[in-house]
Structure formats: C-alpha cells, structure tokens
Protein chains: 2
Amino acid sequence: MNIGDAAKQSGLPAKTIRYYEDISLVVPARGDNGYRVYGPEDVHKLRFVQRARGLGFSVEDCRALLSLYEDENRASADVKAIAQERLAEIADKIAELKAFQKTLKHLVDHCHGDQRPNCPIIDGLAGPDH
Amino acid sequence: MNIGDAAKQSGLPAKTIRYYEDISLVVPARGDNGYRVYGPEDVHKLRFVQRARGLGFSVEDCRALLSLYEDENRASADVKAIAQERLAEIADKIAELKAFQKTLKHLVDHCHGDQRPNCPIIDGLAGPDH
DNA sequence: ATAAGGGTTCCAGTCGCTGGAAGGTCAAGG
DNA sequence: CCTTGACCTTCCAGCGACTGGAACCCTTAT
C-alpha cells in the first residue's frame with residue numbers, strides 16, 4: 001500500500017511517516033516507480049509508534065520499544081523499565097505544572113482585573129524586592 | 001554592567017540574554033567597545049522574564065507581559081487575561097499527563113517485568129486488535 | 001490530451017535556547 | 001611593553017519532532 005493509505009490506517013500524517021523513514025524508525029520498501037510501499041507489518045509498526053507517541057514516549061523511546069516489539073526473545077523487564085522511566089517523567093512534569101499552577105493561581109486570585117494599573121501579577125513577576 | 005554581571009543578577013545564562021536581544025525582548029545599550037551595557041532597568045526586565053519563563057509563560061507571553069510591566073497606564077485586566085489563559089493551558093496539560101499516567105500505570109501494573117517475552121505493555125501499544 | 005489526485009525530493013521554519021569556533025577587549029602581573 | 005587569562009563579540013549549527021511549501025513525477029479517468 002502507498003503512503004496515503006498507510007497514513008489513514010495508522011492515524012499518522014504522511015509527512016510524519018516520511019519523517020519516520022528519514023530517521024530510520026519505520027523504513028518501507030520501494031516500488032518500481034519509487035513510491036514507498038507499506039506492508040501490513042509496517043502499518044502495525046506505525047500504529048505502534050502512533051500509540052506510544054500518544055502516551056508521550058519520545059521517538060527514541062519508540063525506537064527502543066519497537067525493537068523490543070519485534071524481538072521474540074525480549075524480556076518484559078526491559079519494556080517495563082522504559083515505561084517506568086516515562087512514568088517518572090510524567091509524575092515530575094505534573095508536579096512541576098502543579099507548582100506553576102499554585103503560584104499563578106495565587107497571583108491571579110489577588111488581581112482585581114480592572115482598568116487600573118495596579119497588578120499583583122506584575123508585582124509578583126517583578127520579584128519579592130519590588 | 002556587562003553581560004556576565006547581568007547574567008549573575010538575573011539568573012539567566014549570558015547566551016540566553018544575547019538571544020533575548022536577538023529577538024528584541026530586552027535590548028541593552030552598547031559601549032564604545034561594542035559590549036552590551038545593561039542598566040538596572042534592563043536587569044529588572046531580565047529577572048521579570050526569568051520569573052515569567054519559570055512559570056511556563058512563552059517568550060511571546062513574556063513580551064506582552066513586559067510591555068504591560070512597562071506601561072504605567074496598563075489595565076490589570078489585560079495582565080489577568082494572559083495569566084488566566086496560561087492557567088487554562090496548565091490545567092489542560094495536567095489533565096493530559098494524568099491520562100497518560102493512568103493508561104501507562106495500568107499497563108505497567110500488569111507487566112511481570114521478568115525475563116519472559118510476554119508483555120502487556122507491548123500488547124497495549126500494539127493495539128486492542130492484537 | 002488533459003486534469004485531478006496521488007506520489008517524490010529538498011529546503012526552510014517552528015520554539016527556546018545551547019554549543020562551539022574564531023576573534024576582539026580589558027585589567028593585572030612580570 | 002608584553003603576555004596571560006577572563007571576558008566580550010559575531011556567526012553558524014543543532015536539539016526534537018515535526019510541518020509547510022515549492023517543484024516536479026506518476027497514475028488513472030475522462
């Protein structure tokens with residue numbers, strides 16, 4: 001199948017699929033006319049990557065996961081390790097965002113939000129010593 | 001003061017400060033030797049940007065906030081609007097990450113993490129139909 | 001024959017820096 | 001006066017993960 005159909009079946013834009021070939025993530029065969037030819041196995045991989053990316057795995061994580069996906073003799077421990085690292089990153093990011101949220105919400109709550117220039121948000125950003 | 005001191009006082013790397021001049025965010029004067037010269041007001045602005053970035057505001061948000069910071073006749077409502085938009089983005093991002101977390105945690109919890117190839121994480125990424 | 005709707009390549013841009021190379025300037029010490 | 005070392009300058013390239021666009025080729029239907 002051509003790239004357009006692979007795009008439809010994988011849920012990825014054709015541009016992205018070409019990019020994945022560029023970085024040797026999912027490399028299709030080529031037809032006589034030079035067109036990329038995607039077989040069912042390629043489409044599986046593309047969908048796999050699409051899902052993994054959707055869960056926030058980096059492309060490099062996807063590369064590692066794909067090679068485990070293809071490895072009949074993988075140890076599930078290796079997969080779990082990658083997923084757990086990603087879980088830790090997610091937790092860190094959530095904590096960071098919650099801290100932003102708290103600070104910002106505090107500032108917003110104290111701002112009148114009217115036509116006058118006095119603004120606790122600006123003051124807060126300017127720093128404690130202002 | 002020179003860029004090195006401005007860096008120390010603002011908490012930003014010199015490289016970043018040069019970049020901020022490049023994009024016309026904080027533009028210092030120049031000495032006869034061609035060195036950037038940062039006055040106290042410039043340093044205030046740099047610290048302001050440093051804090052705003054630290055709260056996750058985009059550089060373009062910072063540009064808008066800076067111009068409000070400098071505007072004696074600003075309406076605090078304008079500042080509040082920017083901050084509230086950012087708060088909404090933060091909330092969205094947290095929700096997204098929590099969804100990732102939930103899915104991934106579910107997969108991880110069901111993975112033995114041993115030397116055998118069977119792996120619910122891989123299966124989950126491969127899709128429901130596999 | 002032509003037009004539509006695929007496909008191809010390559011280059012540039014996004015965002016917010018960051019690293020490095022090659023060179024100019026300044027203050028202190030010998 | 002000269003050198004050393006720390007600072008400063010510019011410019012170019014790269015990160016991640018695409019995305020847009022230009023210019024061109026291929027296929028199919030009318």
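Here is how names work: the chains are called A, B, and so on, in the same order as the sequence lines, proteins then strands, and each is numbered from 1.
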So what does Arg18(B) hit on the nucleic acid, given a heavy-atom distance under 4.0 Å: a base, only sugar-phosphate, or nothing?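 Touches a base.
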Which part of the nucleic acid, if any, lies within reach of Ile3(A) when heavy atoms closer than 4.0 Å are counted: base, sugar-phosphate only, or nothing?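 The answer is sugar-phosphate, as Ile3(A) gets under 4.0 Å only of primed atoms, P, OP1 or OP2.
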Has [X] got a side-chain N or O lying under 4.0 Å from the OP1 or OP2 atom of [N]?
{"X": "Thr16(B)", "N": "dT18(C)", "value": "yes"}
{"X": "Arg30(A)", "N": "dT9(C)", "value": "yes"}
{"X": "Tyr20(A)", "N": "dA17(D)", "value": "no"}
{"X": "Arg53(B)", "N": "dC15(C)", "value": "no"}

Under 4.0 Å between a side-chain nitrogen and a carboxylate oxygen: does that hold for Asp109(A) and Lys105(A)?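 The answer is yes: the pair qualifies as a salt bridge.
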So does Glu21(B) pair up with Arg18(B), basic N to acidic O under 4.0 Å?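 Salt bridge absent between Glu21(B) and Arg18(B).
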Using whole Å, report how far [atom1] of [X] lies from [atom2] of [N].
{"X": "Asp22(B)", "N": "dT18(C)", "atom1": "CG", "atom2": "C1'", "result": "13 Å"}
{"X": "Glu60(B)", "N": "dC17(C)", "atom1": "CD", "atom2": "C1'", "result": "14 Å"}
{"X": "Asn33(B)", "N": "dC26(C)", "atom1": "CG", "atom2": "P", "result": "5 Å"}
{"X": "Asp32(B)", "N": "dT25(C)", "atom1": "CG", "atom2": "C1'", "result": "13 Å"}
{"X": "Lys15(A)", "N": "dC18(D)", "atom1": "NZ", "atom2": "P", "result": "13 Å"}
{"X": "Leu46(B)", "N": "dC17(C)", "atom1": "CG", "atom2": "P", "result": "12 Å"}
{"X": "Asp61(A)", "N": "dA17(D)", "atom1": "CG", "atom2": "C1'", "result": "13 Å"}
{"X": "Tyr35(A)", "N": "dT27(D)", "atom1": "OH", "atom2": "P", "result": "6 Å"}

Same apolar cluster: Ile23(A) and Phe57(A), side chain cutoff 4.5 Å: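 Hydrophobic grouping puts Ile23(A) with Phe57(A).
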Would you give the length of the straight line joining atom CG of Leu125(B) to atom CZ of Phe48(A), rounded to the nearest 0.5 angstrom?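 Here the rounded value is 4.5 Å.
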Hey, which of these two, Gly4(A) or Val59(B), hits DNA chain C nearer its 5' end, going by closest nucleotide?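 Of the two residues, Gly4(A) wins.
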Side chain to side chain donor-acceptor pair (under 3.5 Å) between Ser76(B) and Asp114(A), intermediate numbers included: CA-CA 6 Å; Ser76(B) 63; Asp114(A) 56 21; 3.1 Å; yes
Between Asp5(B) and Tyr19(A), which has a closest nucleotide on DNA chain D that is more 5'?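 Mapping each residue to its closest nucleotide by heavy atoms, the 5'-most match is Asp5(B).
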